[in-house]
Amino acid sequence: MFKTFTRLKLATRISGYFSLALLIGLITDQILLSSLIICIILLIWHYRQIFRLSHWLWEDRKFTPPTGRGSWEIVFNGIYRLQGKQRKRSNQLAKLLARFREGAEALPDAAIVLDSDFAILWCNKLACLILGLRWPQDSHQRIDNLIRQPEFVRYLRRKNFDEPLELPSHLAEARTIEFRVMPYGDNQYLMVARDMTRLRQLEKMRKEFVANVSHELKTPLTVLQGYVELLEGMDNDGLPIPVKPMQQQTERMRDMVEQLLTLSKIEVGEGIDLNSKVDIHGLFKTLQEEAEALAKGEHKLEFNIDSSIQIAGEYSLIYSACSNLISNAIRYSEATKIVINWQRTSLGAEFSVHDNGKGIDARHIPRLTERFYRIDKGRSSANGGTGLGLAIVKHALSHHHTKLSIYSEVGKGSRFSFTIPPTLIK
Ligand code: ADP
């Protein structure tokens with residue numbers, strides 16, 4: 001246990017020195033001189049201790065302080081104690097850092113810590129493997145000097161990291177890398193890069209499989225439909241042939257195959273040209289004619305179309321999205337008013353369909369755009385629904401940098417809308 005210096009100890013020690021000076025002064029009859037000599041001796045002694053302390057602090061490499069005496073012993077021991085504490089704390093920090101690095105090495109992704117200028121502060125082994133970084137040689141190098149793809153550089157400069165960035169690897173074109181950047185602390189960034197090649201290959205295989213199966217089903221279905229039609233009016237030894245349900249089912253299957261094919265094409269996204277101008281006037285004319293034919297006069301349809309709002313995009317996709325939303329409003333609401341708007345808003349050009357139907361329970365809304373998701377399967381099938389309509393809408397809209405918004409209240413109706421961003425408004 002270290003001793004501490006108290007006021008009492010200090011007072012005792014000073015009065016001891018002065019008593020000694022007084023005693024020698026009384027014996028020699030030189031009180032002033034003896035006091036002066038004692039003071040000089042004390043001063044020299046203290047200076048010597050200061051010199052030893054400074055030597056130990058600045059020049060000596062030993063951990064242990066010089067052995068002090070008197071009041072200096074307490075000072076030396078105090079500094080030693082502080083140093084001990086500091087050493088313990090830095091050991092703990094070093095251990096923590098080592099543990100953090102071990103954890104980061106165990107990550108299944110490449111992890112890179114960047115400073116405010118995107119210079120590399122640290123990276124794990126997978127970052128070296130996936131992104132070709134060299135550690136520690138690339139320490140403090142800017143990551144955009146090492147990965148020079150223009151899209152990657154733009155992504156960093158924009159500093160909007162809400163969405164991840166997916167790019168072909170700069171090391172091997174065939175590989176796909178997804179980058180995610182998370183800002184943290186004092187203007188630092190954690191970049192996580194993941195090899196998505198396998199996942200994307202599987203996704204491509206799935207899309208191709210669905211597209212191929214749908215395509216292959218089309219021909220036998222058409223043949224089957226032809227034979228079913230031939231059956232109509234044929235004699236079956238006086239027994240009725242159930243042609244009607246057969247026709248209905250083959251028709252349903254044909255619709256499903258058609259929709260699956262459309263969805264596959266939209267998902268693959270090949271041949272989509274966002275630069276061509278959509279014929280808004282023609283589009284809404286067709287939509288209105290089709291809606292009126294489907295409604296058969298049972299619904300009141302109101303079209304509020306501002307044809308001066310022109311957009312760039314893929315006509316067939318915009319048509320699919322609008323047509324599905326309008327036909328849903330007609331099919332899922334009975335004898336009500338349906339309002340279709342195409343109007344300018346502060347966020348862009350908004351398309352909306354509003355019906356006064358029976359509405360949708362909130363728990364279904366997040367799942368409506370899933371493939372084959374139907375609230376009431378029986379009713380949807382009877383309406384000719386396949387559960388693919390809103391999935392088609394979702395994918396068609398994603399190519400136009402927009403999303404489907406659904407607002408619905410049970411018993412009051414629903415509002416389906418999307419907003420084409422200003423970048424696509426002509
Ligand atoms: P479907 O081909 O079955 O119509 P969708 O993907 O178009 O499939 O729609 C999914 C489900 O969402 C439908 O089965 C229906 O229950 C519900 N739905 C879609 N639009 C509306 C609407 N306007 N009002 C009420 N329910 C709707």
Mark yes or no for whether [X], through its side chain, and [Y], through its backbone, hold a donor-acceptor pair below 3.5 Å.
X: His399; Y: Ile266; answer: yes
X: Thr250; Y: Met246; answer: yes
X: Thr402; Y: Thr419; answer: yes
X: Glu314; Y: Asp273; answer: yes
X: Ser414; Y: Ser408; answer: no
X: Asp361; Y: His364; answer: no
X: Asn356; Y: Glu334; answer: no
X: Ser398; Y: His395; answer: yes
X: His299; Y: Ile330; answer: yes
X: Asn341; Y: Gln343; answer: no

Should the heavy atoms of other residues, nucleotides or ligands under 6.0 Å from [atom1] of [X] be counted, would the total exceed 12?
X: Met253; atom1: CE; result: no
X: Tyr227; atom1: OH; result: no
X: Gln137; atom1: CD; result: yes
X: His215; atom1: NE2; result: no
X: Arg87; atom1: CZ; result: yes
X: Lys207; atom1: NZ; result: yes
X: Met205; atom1: CE; result: no

Do the side chains of [Y] and [X] get nearer than 4.5 Å, heavy atoms only?
X: Glu166; Y: Thr176; result: yes
X: Ile112; Y: Leu131; result: yes
X: Trp342; Y: Leu287; result: no
X: Ile177; Y: Ser169; result: yes
X: Val243; Y: Val228; result: yes
X: Asp60; Y: Trp58; result: no
X: His400; Y: Pro421; result: no
X: Leu261; Y: Val210; result: no

Atom pair [atom1]/[atom2] of [X] and [Y] - distance to nearest 0.5 Å:
X: Leu156; Y: Leu114; atom1: CG; atom2: CG; result: 7.5 Å
X: Glu350; Y: Phe418; atom1: CD; atom2: CZ; result: 9.5 Å
X: Glu258; Y: Leu221; atom1: CD; atom2: CG; result: 9.5 Å
X: Leu107; Y: Arg194; atom1: CG; atom2: CZ; result: 9.5 Å

Less than 3.5 Å apart, any donor N or O on the side chain of [X] or [Y] sitting next to an acceptor on the other?
X: Arg89; Y: Gln92; result: no
X: Asp186; Y: Gln188; result: no
X: Thr386; Y: Gln259; result: yes
X: Tyr319; Y: Glu290; result: yes
X: Tyr407; Y: Glu409; result: yes

In Ile311, Ile326, Ile309, the residue satisfying side chain to side chain contact (heavy atoms under 4.5 Å, CB included) with Phe351 is Ile326
Locate the shortest heavy-atom distance separating [X] from [Y]; write the atom from each residue and the value.
X: Ile340; Y: Ile305; result: O-CD1, 4.2 Å
X: Leu390; Y: Phe416; result: CD1-CE2, 4.0 Å
X: Leu165; Y: Glu151; result: CD1-OE2, 3.9 Å
X: Leu129; Y: Leu171; result: O-CD1, 4.5 Å
X: Pro66; Y: Phe76; result: O-CD1, 3.1 Å
X: Ile50; Y: Trp72; result: CG1-CH2, 3.5 Å

Worksheet item: Can you list the steps and then say if Leu301 with Glu292 is a side chain to side chain contact (heavy atoms under 4.5 Å, CB included)?
Response: CA-CA 8 Å; Leu301 300 175; Glu292 266 150 20; 3.8 Å; yes
Considering only NZ, NE, NH1 and NH2 on the basic side and carboxylate oxygens on the acidic side, decide whether [X] and [Y] come within less than 4.0 Å.
X: Glu173; Y: Arg175; value: no
X: Glu105; Y: Arg101; value: no
X: Arg200; Y: Glu203; value: yes

Identify, with sequence neighbours excluded, every residue that meets ring pair (Phe, Tyr, Trp, His ring centres under 6.0 Å) alongside [X].
X: Tyr315; value: none
X: Trp56; value: none
X: Tyr189; value: Phe118, Phe161

Exercise for review: Apply side chain to side chain contact (heavy atoms under 4.5 Å, CB included) to the pair Val393 and Thr369, showing each step before the final yes or no.
Suggested key: CA-CA 8 Å; Val393 175; Thr369 53; over 6 Å; no
Worked verdict on Glu267 versus Arg206 for salt bridge (charged side-chain N to carboxylate O under 4.0 Å, His left out): CA-CA 11 Å; Glu267 262 196 321; Arg206 177 189 58 82; 3.5 Å; yes
Run Glu298 and Arg331 through salt bridge (charged side-chain N to carboxylate O under 4.0 Å, His left out) and show every step you take.
CA-CA 11 Å; Glu298 289 168 11; Arg331 287 185 296 123; over 6 Å; no
Between Phe152 and Phe179, is a ring pair (Phe, Tyr, Trp, His ring centres under 6.0 Å) present by the stated rule, with each step listed?
CA-CA 9 Å; Phe152 179 77; Phe179 294 93; 4.9 Å; yes
- Just do the side chain to side chain contact (heavy atoms under 4.5 Å, CB included) check on Ile338 and Ser333 with the steps written out, would you? CA-CA 9 Å; Ile338 293 165; Ser333 54; 3.9 Å; yes
Can you list the steps and then say if Arg180 with Glu178 is a side chain to side chain contact (heavy atoms under 4.5 Å, CB included)?
CA-CA 7 Å; Arg180 276 177 191 275; Glu178 183 196 75; 3.3 Å; yes
